[in-house]
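Single-structure report; data block below.
Nothing here was measured: the structure is a model prediction, and the numbers come from that model. Order of the sequence lines fixes the chain letters, A, B, ..., with proteins taken first and strands second; residue numbering starts at 1 for each chain.
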2 protein chains.
Amino acid sequence: MEHDHIATAPTETATRARTRRAILDAAVTVLSANHGASLADVAEAAGVGRTTVHRYFAERSDLVAALGADVRERLQEATVRARVDEGPAPKALERLCLEYFELGDRLMLLFDVPQFLSWAGFEEETDSDRVLVRLIERGQAEGTVDAEADAEWLQNVLWSLLYAAWMQARDYGTPRHTALTSCLHTVRKAMAAS
Amino acid sequence: MEHDHIATAPTETATRARTRRAILDAAVTVLSANHGASLADVAEAAGVGRTTVHRYFAERSDLVAALGADVRERLQEATVRARVDEGPAPKALERLCLEYFELGDRLMLLFDVPQFLSWAGFEEETDSDRVLVRLIERGQAEGTVDAEADAEWLQNVLWSLLYAAWMQARDYGTPRHTALTSCLHTVRKAMAAS
DNA sequence: CAGAAATGGAACAGCGGTGTTCCGTTGTGG
DNA sequence: CCACAACGGAACACCGCTGTTCCATTTCTG
């Protein structure tokens with residue numbers, strides 16, 4: 001046994017950090033396109049040997065877990081950037097959409113492979129999820145967001161529309177900017193107070 | 001070789017028709033829950049031997065193809081039942097949502113595994129898809145549906161929301177009726193003329 | 001009830017992905 | 001420049017799924 005990839009305390013080399021990122025990024029691309037892709041596919045996409053992938057992530061589940069952690073981290077950062085507590089709720093929701101949309105393929109993983117986050121993070125509800133629900137509830141209290149709809153449902157609506165927009169940009173040739181604009185338009189209408 | 005499962009002309013026995021349905025139904029359930037499920041899983045869910053599954057569908061791809069055909073057929077029937085050409089577009093859209101929602105797990109397959117339909121049916125756009133787009137365009141011409149949004153985008157919106165609603169009923173404990181009501185509410189708002 | 005239809009299950013070979021080991025090669029940093 | 005870290009690739013055993021064959025058993029049907 002005696003794996004050298006656990007990367008514990010000793011300052012992880014810059015080299016290692018780079019290849020690690022390359023693998024994770026490739027994994028996002030490959031796995032978001034095909035959930036059942038083999039590790040060889042990931043390795044090839046990362047421009048790395050299959051062995052090396054195993055050096056960094058002993059088992060497939062380890063890669064998935066790391067992927068989950070990575071996505072969750074970026075989600076967290078995006079949430080912070082959106083400054084959800086500032087200004088009217090609808091504007092904050094737009095900022096949030098914008099930031100989340102930038103997550104790109106990682107968005108697909110979040111949606112398609114709930115195991116990624118539930119498992120890896122163990123927590124069913126991400127921090128970001130809670131932030132989003134609270135934002136919606138704030139809007140409902142403000143009277144700027146539809147209070148007739150359940151906050152959790154509206155949360156799902158937002159995710160679904162983001163997913164739809166990204167898929168439209170990915171599978172159909174729609175330019176990302178166009179898809180995002182449509183998405184924001186619909187989100188605005190769907191969430192607006194009645 | 002000499003397979004007896006091709007089920008050509010000779011009036012398919014009632015028995016065979018029943019087990020065939022059992023397998024297809026089980027496949028919908030199992031595969032919608034887990035795309036990578038084995039044929040043994042499908043067989044077990046259908047209360048049938050793995051051998052029997054292969055007797056009806058020689059290869060996995062044959063099962064998938066039959067599944068695609070089945071789903072497309074039901075989609076077609078649902079579309080007819082919705083009488084999309086009658087009355088104002090928004091009402092017709094609601095009827096369509098209602099019918100599509102009843103497709104249940106089959107909905108997930110439609111969404112999650114586009115290959116199912118694209119492949120099997122070979123046609124990228126289902127008949128039902130075209131009907132939906134035309135309905136939306138009719139509404140836009142009538143002035144009863146948001147004309148600022150692209151019809152194809154609104155089509156995706158409807159599918160996404162249906163998906164979200166079904167998922168909410170499936171994964172979270174939300175009663176189907178509640179989920180459907182929320183869904184219709186949001187669809188109405190999202191599609192409404194601005 | 002007898003024959004045919006339909007099924008279940010065991011058993012088998014083949015395939016592809018996985019996880020691991022070993023060793024030779026590259027390249028990075030002190 | 002030289003030692004050590006990092007990597008690539010071949011090779012291996014293992015496992016689960018697949019597709020197929022064969023035969024015994026159950027279940028329709030005339």
request  = Using the test side chain to side chain contact (heavy atoms under 4.5 Å, CB included), find all partners of A:Thr51 that sit at least two apart in sequence or belong to another chain.
outcome  = A:Arg55
query = Between the base of C:dG8 and the side chain of B:Thr52, is there a donor-acceptor distance below 3.5 Å?
reply = no
Contacts under 3.5 Å, N or O only, protein and nucleotides 12-14 of chain D:
none

ask   = Of all residues at least two apart in sequence or in a different chain, which pass the side chain to side chain contact (heavy atoms under 4.5 Å, CB included) check with B:Arg50?
value = B:Ala40, B:Ala43, B:His54
query = In residues 34-47 of chain B, which ones come under 4.0 Å of DNA chain D, going by heavy atoms?
reply = B:Ser38, B:Leu39
ask   = Excluding sequence neighbours, so at least two apart, what forms side chain to side chain donor-acceptor pair (under 3.5 Å) with A:Arg170?
value = A:Asp105
ask   = How would you list, by chain and number, every residue that makes a side chain to side chain donor-acceptor pair (under 3.5 Å) with A:Gln76, sequence neighbours excluded?
value = none
note = Terminal axes of the helix from C:dC1-D:dG30 to C:dG30-D:dC1 (5 end pairs apiece), angle rounded to 10 degrees, sit apart by 30°
ask   = What residues form a side chain to side chain donor-acceptor pair (under 3.5 Å) with B:Glu137, not counting sequence neighbours?
value = none
Ignoring hydrogens and angles, write down the donor-acceptor pairs under 3.5 Å from the side chains of residues 79-87 of chain B, residues two or more places apart or on other chains.
from: B:Thr79; atom 1: OG1; to: B:Leu75; atom 2: O; distance (Å): 2.7
from: B:Thr79; atom 1: OG1; to: B:Tyr100; atom 2: OH; distance (Å): 2.9
from: B:Thr79; atom 1: OG1; to: B:Ser128; atom 2: OG; distance (Å): 3.4
from: B:Arg81; atom 1: NE; to: B:Glu99; atom 2: OE1; distance (Å): 2.8
from: B:Arg81; atom 1: NH2; to: B:Glu99; atom 2: OE1; distance (Å): 3.3
from: B:Arg83; atom 1: NE; to: B:Glu86; atom 2: OE1; distance (Å): 3.0

Output side-chain donor-acceptor pairs under 3.5 Å for residues 157-165 of chain B, partner residues at least two apart or in another chain, one line each.
from: B:Ser160; atom 1: OG; to: B:Asn156; atom 2: O; distance (Å): 2.9
from: B:Tyr163; atom 1: OH; to: B:Asp112; atom 2: OD1; distance (Å): 3.1

Please report, to 0.1 Å, the donor-acceptor pairs under 3.5 Å made by any side chain of residues 174-185 of chain A, with sequence neighbours excluded.
from: A:Thr181; atom 1: OG1; to: A:His177; atom 2: O; distance (Å): 2.9
from: A:Ser182; atom 1: OG; to: A:Thr178; atom 2: O; distance (Å): 3.2
from: A:His185; atom 1: NE2; to: B:Asp146; atom 2: OD2; distance (Å): 2.7

task = Mind jotting down which residue pairs meet the ring-ring contact (aromatic ring centres under 6.0 Å, His included) criterion with at least one end in residues 15-49 of chain B? Sequence neighbours excluded, please.
result = none
